[in-house]
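Here the structure is laid out as structure tokens; the discussion comes afterwards.
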Number of protein chains: 2
Amino acid sequence: MQTTDEWSCGVSKVMDVFAGKWKLNILWIIYNEEGIRFNQLKNRTVGITNIMLTRSLETLTSEKIISNNLIGNKPPFKSEYYLTTKGKSLVPLMQSLNDWGKNNL
Amino acid sequence: MQTTDEWSCGVSKVMDVFAGKWKLNILWIIYNEEGIRFNQLKNRTVGITNIMLTRSLETLTSEKIISNNLIGNKPPFKSEYYLTTKGKSLVPLMQSLNDWGKNNL
DNA sequence: CGGAATCCCTTGCGATACTG
DNA sequence: CAGTATCGCAAGGGATTCCG
């Protein structure tokens with residue numbers, strides 16, 4: 001039997017990645033639209049505000065789940081978001097979560 | 001491509017089940033010790049207080065993820081906790097989460 | 001266009017004490 | 001034994017405004 005310590009060790013990290021109201025949703029959108037831009041992401045994430053999107057992207061970037069390219073040195077700027085390799089490894093997990101949710105009311 | 005709506009529909013429910021500081025850990029313990037009692041659960045969940053355990057169990061029960069048997073009509077009481085069928089269907093998901101966490105520091 | 005700064009409000013978390 | 005009742009704090013979420 002797996003001990004509680006081994007368990008909570010692995011799981012708490014994932015829950016940190018998924019924690020919060022928006023991050024998982026944002027990940028999914030970026031996955032489906034690699035290179036998506038800030039304002040597109042904002043439009044696709046219904047109900048989110050600037051600050052919450054910024055904070056979520058900040059956190060995910062610092063966790064190396066996503067990365068972004070800044071293009072241009074004067075306005076209008078461009079910023080394109082991608083999943084990293086680590087981020088892509090989360091995709092099957094997200095799909096499993098989604099499937100469970102759809103099958104259990 | 002899957003739409004954002006289909007996605008958020010399924011996932012938000014799962015994240016609700018897993019939300020909070022203790023619920024996932026409690027689920028894992030109950031899974032490993034079917035029929036576990038309140039105070040045993042409290043001892044195994046390091047750092048939890050009465051009220052947080054009560055609240056977590058309440059939520060999970062109302063979501064039909066766990067169930068409990070109350071035994072006896074006068075003190076000392078017994079209360080035994082189990083995973084429901086729905087709760088058991090979450091086990092593979094929990095294991096996937098744990099595996100990812102262990103493999104991604 | 002892609003953010004950051006500020007301020008506020010709500011929610012979750014928890015210590016302590018008590019009860020059937 | 002298995003909870004409940006209070007009260008308080010801290011963190012997360014968000015509206016608004018402003019900036020390079």
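Reminder, nothing fancy here: chain letters follow the sequence lines and each chain counts from 1.
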query: Taking the side chain as C-beta and beyond, is there a heavy-atom pair between B/Leu97 and A/Phe18 under 4.5 Å?
result: yes
task: With the side chain counted from C-beta on, respond yes when A/Gln40 and A/Ile29 share a heavy-atom pair under 4.5 Å apart, and no when they do not.
output: no
Please list, pair by pair, any protein nitrogen or oxygen found under 3.5 Å from a nitrogen or oxygen in nucleotides 12-17 of chain C.
residue: C/dC13; atom: OP1; partner: B/Lys21; partner atom: N; Å: 3.1
residue: C/dG14; atom: OP1; partner: B/Lys21; partner atom: NZ; Å: 2.2
residue: C/dG14; atom: OP2; partner: B/Trp22; partner atom: NE1; Å: 2.8
residue: C/dG14; atom: N7; partner: B/Arg55; partner atom: NH1; Å: 3.3
residue: C/dG14; atom: O6; partner: B/Arg55; partner atom: NH2; Å: 3.0

For atom CD1 of A/Ile26 and atom P of C/dG3, their distance in whole Å: 12 Å
message: Taking any heavy-atom pair under 4.0 Å as a contact, classify A/Lys42: base, sugar-phosphate, or nothing.
response: nothing
message: Ignoring hydrogens, what is the shortest heavy-atom contact between B/Ser79 and B/Asn68? Give both atom names and the distance.
response: OG-ND2, 3.2 Å
message: Taking the side chain as everything from C-beta on, heavy atoms only, tell me whether A/Val11 gets closer than 4.5 Å to B/Asn25.
response: no
- prompt: Does a side-chain heavy-atom distance below 4.5 Å link B/Lys78 with B/Phe38?
  reply: no
statement: Contact span of DNA chain D against chain B, any nucleotide atom under 4.0 Å from a heavy atom, 5' to 3', runs D/dC1 to D/dA5
Show me the side-chain donor-acceptor pairs of residues 47-58 of chain B shorter than 3.5 Å, one per line, residues at least two apart or across chains.
residue: B/Asn50; atom: OD1; partner: B/Lys42; partner atom: NZ; Å: 3.1
residue: B/Thr54; atom: OG1; partner: B/Asn50; partner atom: O; Å: 2.9
residue: B/Ser56; atom: OG; partner: B/Met52; partner atom: O; Å: 2.7

query: Within the structure shown, what part of the strands sits under 4.0 Å from B/Thr54 by heavy-atom distance: base, sugar-phosphate, or nothing?
result: base
message: Looking at A/Glu63 and A/Lys86, is any side-chain nitrogen of the basic one under 4.0 Å from a carboxylate oxygen of the acidic one?
response: no
- prompt: With a 3.5 Å cut-off and no angle check, do the side chains of A/Ser89 and B/Trp100 form a donor-acceptor pair?
  reply: yes
Whole-Å distance separating the OH atom of A/Tyr81 from the C1' atom of C/dG2: 7 Å
